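Chain letters run A, B, ... following the sequence lines, proteins first, then strands; residues in each count from 1. Predicted model only: the values in this text are computed from it and were never measured.
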Amino acid sequence: MKWIYILPIGLVNPATLKYVAEEIPLKLNYRCKIMESIGEPSYAFEPKRGQYSSAKILREILNKAQAHPVSEDLIKILGIVDLDLCTPILTFVFGEAQLGGKAALISLRRLHQEYYGLPPNPPLLLKRAVKEALHELGHTFGLTHCLDPKCVMYFSNSVKNIDTKSDKFCDSCSILLSEKKPKVTE
Amino acid sequence: MRGDVHILIVDDEAVMRDSLSAWLMEDGYEVEAVGDGAQALQRVREERWDVLLVDLKMPGMDGIEVLEKVKGYNEEIPVIIMTAYATVDSAVEAMKKGAYDYIVKPFNPEEIGLAIRKIIAYQDLVKENLYLRQELERKYQFKDIIGKSHKMQEVFALVKTVAKSNSTILIEGESGTGKELVARAIHNSSLRNEGPFVAVNCAALPENLLESELFGHERGAFTGAVSTKKGRFELANKGTLFLDEIGDISPKTQVDLLRVLEKFPAGRGDSLN
């Protein structure tokens, strides 16, 4: 049996991890295992940007995925951080994934209402986290951005976009996903 | 989904190339990245690209030079200049030299995506417009002419063939068989189709008026010529003149016509009379 592994990086609320781990199987048909947390990714800190390099953290996640004994039953690995992520080319990212690969990463930092000076809204945070997790995992299954604003694979550059889209794959993406999943699991 | 859109990234920094490539690939684009201007120009010559993303500061050939050379090769290729060192001067220079956009690194995730989507949407519109024009032209060329028979197909083929020439064309046929429709089809299929199609029913005009109609006249050329009048030949300039029922006009006017047809362009006035 293959699992999606969830890797907490630094401090991440356990309740959020548990919720994400319970929701992913409902959409992707793979059950999740929550791994032991690894420390803050100081190696990925970009002083000029005051943010963390998603590419560097993604490489670290991939190293974890290749390590024994995890690699035996691992289909995908999803890192979750509560730090602000960036790439050399983009001012920020909600997450990053290897297209058609093993590893994905999401950041909760910009999913909190508090980030925008608003009162905390835990249910909203959980919904956003699940959507972003499914979105990045979708990339690892080879899916690209979808033009349907309701599809979870729709590109989101703001929490407003995330809130607008659903936590479901549209019909087209579902078909692509079902075509791509077996190839990856073989 | 967007795999038919080809994007070429030109940046000397590998980390930038990788990061931008990965992000655009997630968006479904077909992406290739090269490290300098020379490689970029080579790839531009070798393949069709929908968008070029070119870094401004590169050793050797900088982004502006790449932009100039790409535009010199094919003005239609949209080029977006990217830089981490934006200045008003370089932005003005880039835009003046034909850059589609000038964006500052790092970008807001939506900024670059929006710029590319706008380019693609514009290109799609251009392609659609071209297609619709061709479709309209194709339909209009033979509009009102109905015929599936072998003989009519031969007529259509002949129309297409003769339309390419600027020669005088004689259309023969019984009255009511559609000679004018064929003349219009020839005009619409020709390179002159942007110009006017002028039809003259020669049989409907008396000889003295016919001359004036065809060739026009200068003011005072004859009694009653109170003003200068353009003839149909002149009105049909850069277009097509259709002379209907030419067999019904007098031998004298036929001779005049022959002289005109032999000595283009037609002149106005009594010199032809």
Original post:
Within a radius of less than 6.0 Å around NZ of A:K127, do more than 12 heavy atoms belonging to other residues, nucleotides or ligands occur?
Top reply: no
Subject >> From CG (A:L90) to NZ (B:K105), nearest 0.5 Å >> reply: 11.5 Å
**OP:** Could you tell me the separation between the OG1 atom of A:T144 and the CE atom of B:M25, rounded to the nearest 0.5 Å?
**Re:** 10.5 Å
Subject >> Side chain, backbone, both or neither of A:F155 within contact of chain B (heavy atoms, under 4.5 Å) >> reply: side chain
Original post:
Counting only heavy atoms not in B:L158, do more than 12 fall under 6.0 Å of its CG?
Top reply: yes
**OP:** State whether the side chain of A:T91 and the backbone N or O of B:F107 hold a donor-acceptor pair below 3.5 Å, judged by distance alone.
**Re:** yes
Subject >> Within 6.0 Å of OH in A:Y43, more than 12 heavy atoms from elsewhere >> reply: yes
Original post:
Any chance CD of B:E47 has more than 12 other-residue heavy atoms, nucleotides or ligands included, within less than 6.0 Å?
Top reply: yes
Original post:
How would you list, in number order, the residues of residues 9-24 of chain B that have a heavy atom less than 4.5 Å from chain A?
Top reply: B:V15, B:M16, B:S19, B:L20, B:W23
Original post:
Should we say atom OH of A:Y116 is surrounded by more than 12 heavy atoms from elsewhere, each under 6.0 Å from it?
Top reply: yes
Original post:
Between atom CG of B:N108 and atom CG of A:N157, what is the distance when rounded to the nearest 0.5 Å?
Top reply: 6.0 Å
Subject >> Side-chain touch A:Q98/B:E26, heavy atoms, less than 4.5 angstrom >> reply: no
Original post:
Is the NZ atom of A:K33 crowded by more than 12 outside heavy atoms at less than 6.0 Å?
Top reply: yes
**OP:** Would you indicate whether B:K57, at its atom NZ, is surrounded by more than 12 heavy atoms from other residues, nucleotides or ligands within a distance under 6.0 Å?
**Re:** no
**OP:** Would you indicate whether B:L114, at its atom CG, is surrounded by more than 12 heavy atoms from other residues, nucleotides or ligands within a distance under 6.0 Å?
**Re:** yes
